[in-house]
**Q** 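Below is the structure I would like to discuss, written out as structure tokens.
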Amino acid sequence: MICKHFPQYKDHITPFLSPLLTHCKMLKQEYGEDYKIVFIGPCIAKKAESDAFGDLLEASLSFKDLAEWFNEEGLEPDLFYESDTESGFVPRRAGKGSLYPIDGGMIAGIKNNASTTDAVFMTFSGISSINDVLKDLNYYRKPGLLFLELLACEGGCVNGPGTKKTYSRALKRLEIINRSEEEVVGYQADFSILRNFDNIDVAHKPEHPETKIKEALNMIGKYSDKDEINCGGCGYNSCREFAKAYLEDKSEPNMCVSYMRKIAHDKSTALLGKIPSGVLIVNEDLKVVEANQSFARIMGEEMEQLFDTIPGLKDADLKKIAPFYKLFSSVLSTGEDNLERDFRLGNKMLHLSLFTIQRNKIVGAILRDMSQPFIQQEEVINRAKAVNQKNLETVQKIAYLLGENASETEDMLNSIVEFYTLAEEKN
């Protein structure tokens, strides 16, 4: 991260291999170059390290990878024999090295052995914290040394993305501290752990004129600073970062959640405004979520005036504005999917169709003025079809019953004929 985004501090990185690669070198020296080494831990960045240093590290698995492997093989780790002897760790126990997975663990491991006593030691974890630390670090003008332990994961490796444990970070940290040992194990190395970072290139970010950034922001409905809510829903840390990514063809407008929500709302509002029937949506508290102009017009002049004052009648109390609010209460309580009712309002005959949008939470309704010519014609046709269907069903039932009765009558008559025939033959 420093090499790519803060190259001015590149020469200040400790010029050593990571603890993992140092450990790999130690194991190679102790057991031979032919041995293959696999890392298992919570860090997914170690996978990239394995790719870059394949001669030292054969492969890298996360704890999640290992758990999936166990499941595939049908293994139960809890049933494995666990040694309670001091020789359980091969080749030896870690000592202070066991503190490395928590923030401040590295400092605890090296501080006692530091050759300079005037160094100031600090630890920071989390990408946002590291960004905040590094952006103004050039203002540090105090004498002496400043040692920064920087960890990408908040809280350290115990909170890495490849870990399986999801409980409190404090408990994870406590587990590590309780297992650590005061004893520092010495090791005579016949190899160098020096390295440089020349293979990591600076991430060049193109500069964009402010006018272009503003244009990109305007395209997603961000016309002022207050519109830049920086919700992170697009995957970028801020609306400006999203706008810059758009100028670099790395993002699209439909990635902006607030923009897509606004478009959806505008489309639905435009659609509701064009529907000649009244539309009303109500929540579980009988508060209006949305209503269109046609609903206000059908309900009368007072409702139209209220609609002009409160667009969409949002949050209006249905009990105070509609005499049919009990129908909504019924659908909300029962979760009924469909309810049709006719009722009179003044000199109008209205038809109300209620339907569940979210069971027991949100109900919608379509209100139609039956006195309107086009409604009358449509309703007459629909009701004629309904009557015709019912008549057809009744005729079918009658035909079935008549057919069944006719069959029984025929059987009875045949049995009578057969009885008298047999009687005549005997005589």
**Q** Using side-chain heavy atoms (C-beta onward) and a distance below 4.5 Å, is Leu350 in contact with Arg368?
**A**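 The answer is no; the side chains never approach within 4.5 Å.
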**Q** Going by an N to O cut-off under 4.0 Å, is there a salt bridge joining Glu49 and Lys46?
**A**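 Yes, charged N to carboxylate O under 4.0 Å.
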**Q** Should we count CD1 of Ile44 as having more than 12 external heavy atoms under 6.0 Å?
**A**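 No, the 6.0 Å shell around CD1 holds no more than 12 heavy atoms from other groups.
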**Q** Does Val120 reach the side chain of Phe147, with side-chain heavy atoms less than 4.5 Å apart?
**A**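 No - every pair of side-chain heavy atoms lies 4.5 Å or more apart.
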**Q** Using side chain to side chain contact (heavy atoms under 4.5 Å, CB included), reason through Tyr246 and Met219 one step at a time and then give a plain yes or no.
**A** CA-CA 10 Å; Tyr246 174 77; Met219 181 194 58; 3.4 Å; yes
**Q** Any donor and acceptor pair, going by atom type alone, linking the side chain of Asp285 with main-chain N or O of Lys287 inside 3.5 Å?
**A**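 No, the answer is negative, given that no donor and acceptor are paired below the 3.5 Å cut-off.
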**Q** Taking atom CG of Leu27 and atom CD of Gln29, what is their separation to the nearest 0.5 Å?
**A**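 Nearest 0.5 Å value for the CG-CD distance: 10.0 Å.
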**Q** Set out, in order, the CA-CA distance, both residues' side-chain angles and the distance that settles side chain to side chain contact (heavy atoms under 4.5 Å, CB included) for Leu137 and Leu146, then state yes or no.
**A** CA-CA 10 Å; Leu137 196 58; Leu146 176 62; 4.1 Å; yes
**Q** Would you say CZ of Phe328 has more than 12 non-hydrogen atoms from neighbouring residues, nucleotides or ligands within 6.0 angstrom?
**A**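 Counting neighbours around CZ of Phe328, more than 12 heavy atoms of other residues, nucleotides or ligands fall under 6.0 Å, so yes.
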**Q** Taking Lys64 for its side chain and Pro161 for its backbone only, find out whether a donor-acceptor pair lies under 3.5 Å.
**A**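 Looks like yes, one N/O pair under 3.5 Å.
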**Q** Judged by atom type as modelled, is there a donor-acceptor pair below 3.5 Å linking the side chain of Asn338 to the main-chain atoms of Phe355?
**A**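 No.
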**Q** Charged N to carboxylate O below 4.0 Å: is that the case for Asp34 and Lys28?
**A**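 No, this pair does not count.
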**Q** At what distance, to the nearest 0.5 angstrom, does CD1 of Ile366 lie from OG of Ser294?
**A**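 These two atoms lie 11.5 Å from each other.
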**Q** Below 30° counts as parallel, above 60° as perpendicular, anything between as tilted: where do the rings of Tyr236 and Phe242 land?
**A**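 It falls in the perpendicular class, over 60°.
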**Q** Strictly below 4.0 Å, N to O, side chains only: are Glu33 and Lys25 in salt-bridge contact?
**A**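 Result for this pair is no, no salt bridge flagged.
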**Q** So do the side chains of Leu148 and Thr123 get within less than 4.5 Å of each other, counting heavy atoms only?
**A**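 Heavy-atom side-chain distance check fails, nothing below 4.5 Å.
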**Q** Assess whether atom OH of Tyr35 is packed by more than 12 heavy atoms of other residues, nucleotides or ligands within 6.0 Å.
**A**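 Result for OH/Tyr35: open.
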**Q** Going from OH on Tyr9 to CD1 on Ile2, what distance comes out if it is rounded to the nearest 0.5 angstrom?
**A**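 One gets 9.5 Å once the value is rounded to the nearest 0.5 Å.
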**Q** Indicate the atoms forming the closest heavy-atom contact of Ser125 with Asp103, along with that distance.
**A**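 Looking at all heavy atoms of both residues, the closest pair is OG-OD2, 3.6 Å.
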**Q** Do Ile310 and Val288 come within less than 4.5 Å of each other through their side chains, counting heavy atoms only?
**A**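 Not in contact.
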**Q** Please report the shortest heavy-atom distance between Glu149 and Ile102, naming the atom on each side.
**A**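 Shortest heavy-atom contact: OE2-O, 4.0 Å.
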**Q** Under 6.0 Å from the NZ atom of Lys4, do we count more than 12 heavy atoms belonging to anything else shown?
**A**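 Open.
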**Q** Counting heavy atoms not belonging to Gln8, are there more than 12 under 6.0 Å from its CD?
**A**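 Atom CD in Gln8 is packed in, count exceeds 12.
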**Q** Between Leu367 and Met299, what is the shortest heavy-atom contact and its length?
**A**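 Answer, listing the atom of Leu367 first, then Met299: CD2-SD, 3.7 Å.
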**Q** In the structure I gave you, are the side-chain heavy atoms of Leu332 and Leu286 within less than 4.5 Å of one another anywhere?
**A**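 Of all side-chain heavy-atom pairs linking Leu286 with Leu332, at least one is under 4.5 Å.
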**Q** I'd like to know if the side chain of Ser353 reaches the main chain of Glu340, judged simply by a donor and an acceptor atom lying under 3.5 Å from each other, with no hydrogens or angles considered.
**A**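 Answer holds: no.
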**Q** For the residue pair Val202 and Lys10, establish whether any side-chain heavy-atom pair is separated by less than 4.5 Å.
**A**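 Val202 does not reach Lys10 side chain to side chain.
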**Q** Mind checking the CG-CD1 spacing from Leu150 to Ile130? Nearest 0.5 Å is all I need.
**A**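 That separation rounds to 5.0 Å.
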**Q** Between Lys36 (side chain) and Glu58 (backbone), is there a donor-acceptor pair under 3.5 Å?
**A**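 Here the side-chain-to-backbone pair does not exist.
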**Q** Let's go through Val282 and Ile362 carefully: what are the C-alpha distance in whole Å and the side-chain angles of both, what is the deciding distance for side chain to side chain contact (heavy atoms under 4.5 Å, CB included) to 0.1 Å, and is it a yes or a no?
**A** CA-CA 6 Å; Val282 175; Ile362 300 178; over 6 Å; no
**Q** Report yes or no: does Thr163 contribute a side-chain atom to a donor-acceptor pair with the main-chain N or O of Gly160 at less than 3.5 Å?
**A**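 The answer is no, because no donor-acceptor pair under 3.5 Å joins these two groups.
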**Q** Would you say the side chain of Pro323 lies within less than 4.5 Å of the side chain of Leu345, judging by non-hydrogen atoms?
**A**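 Side-chain contact under 4.5 Å: yes.
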**Q** Enter the distance from Lys244:NZ to Lys212:NZ here, rounded to the nearest 0.5 Å.
**A**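 So the NZ of Lys244 and the NZ of Lys212 are separated by 15.5 Å.
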**Q** Counting N and O atoms only, with roles assigned by atom type, does the side chain of Asp227 sit under 3.5 Å from a partner on the main chain of Ser224, one being a donor and the other an acceptor?
**A**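 A pair under 3.5 Å: yes.
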**Q** Is there a donor-acceptor pair closer than 3.5 Å between any side-chain N or O of Thr14 and the backbone N or O of Phe16?
**A**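 Side chain of Thr14 to backbone of Phe16, a donor-acceptor pair under 3.5 Å: no, none is there.
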**Q** Between Lys47 and Asp65, does any NZ, NE, NH1 or NH2 come within less than 4.0 Å of an OD or OE carboxylate oxygen?
**A**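 So Asp65 pairs with Lys47 through a salt bridge.
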**Q** Which is it for Leu306 and Leu313 under the side chain to side chain contact (heavy atoms under 4.5 Å, CB included) test, yes or no, and what are the steps along the way?
**A** CA-CA 7 Å; Leu306 181 61; Leu313 301 176; 3.8 Å; yes
**Q** Minimum heavy-atom separation for Leu280 to Ala291, with atom names?
**A**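 In this case the closest contact between Leu280 and Ala291 is CD1-CB, 3.9 Å.
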**Q** Looking at Glu228 and Lys222, is there a salt bridge between them, counting it only when a charged N and a carboxylate O are closer than 4.0 Å?
**A**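 Looking at Glu228 together with Lys222, the answer is no, because their closest N to O distance does not fall below 4.0 Å.
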**Q** Let me confirm one number: the CG-CZ distance from Leu134 to Phe6, rounded to the nearest 0.5 Å.
**A**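 The CG atom of Leu134 sits 5.0 Å away from the CZ atom of Phe6.
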**Q** What heavy-atom pair brings Asn237 and Glu241 nearest, and what distance separates the two atoms?
**A**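 Scanning both residues completely, I find the closest heavy atoms to be N-OE1, 3.5 Å.
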**Q** Is there a side-chain contact between Glu284 and Asn360 in this structure, where contact means two heavy atoms from C-beta onward sitting under 4.5 Å apart?
**A**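 No. Closest side-chain heavy atoms not under 4.5 Å.
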**Q** Over all heavy atoms of both residues, which pair between Ala216 and Ala243 is shortest? Give the atoms and the distance, please.
**A**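 Shortest heavy-atom contact: CB-CB, 3.8 Å.
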**Q** Is the side chain of Arg297 donor-acceptor paired with the backbone N or O of Pro276 at a distance under 3.5 Å, no angle test?
**A**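 Answer holds: yes.
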**Q** Checking Ser330 side chain against Lys326 main chain: does a donor-acceptor pair fall under 3.5 Å?
**A**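 It does not hold such a pair.
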**Q** Relative to each other, are the rings of Phe324 and Phe295 parallel, tilted or perpendicular (30° and 60° limits)?
**A**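 The rings of Phe324 and Phe295 stand perpendicular, inter-plane angle above 60°.
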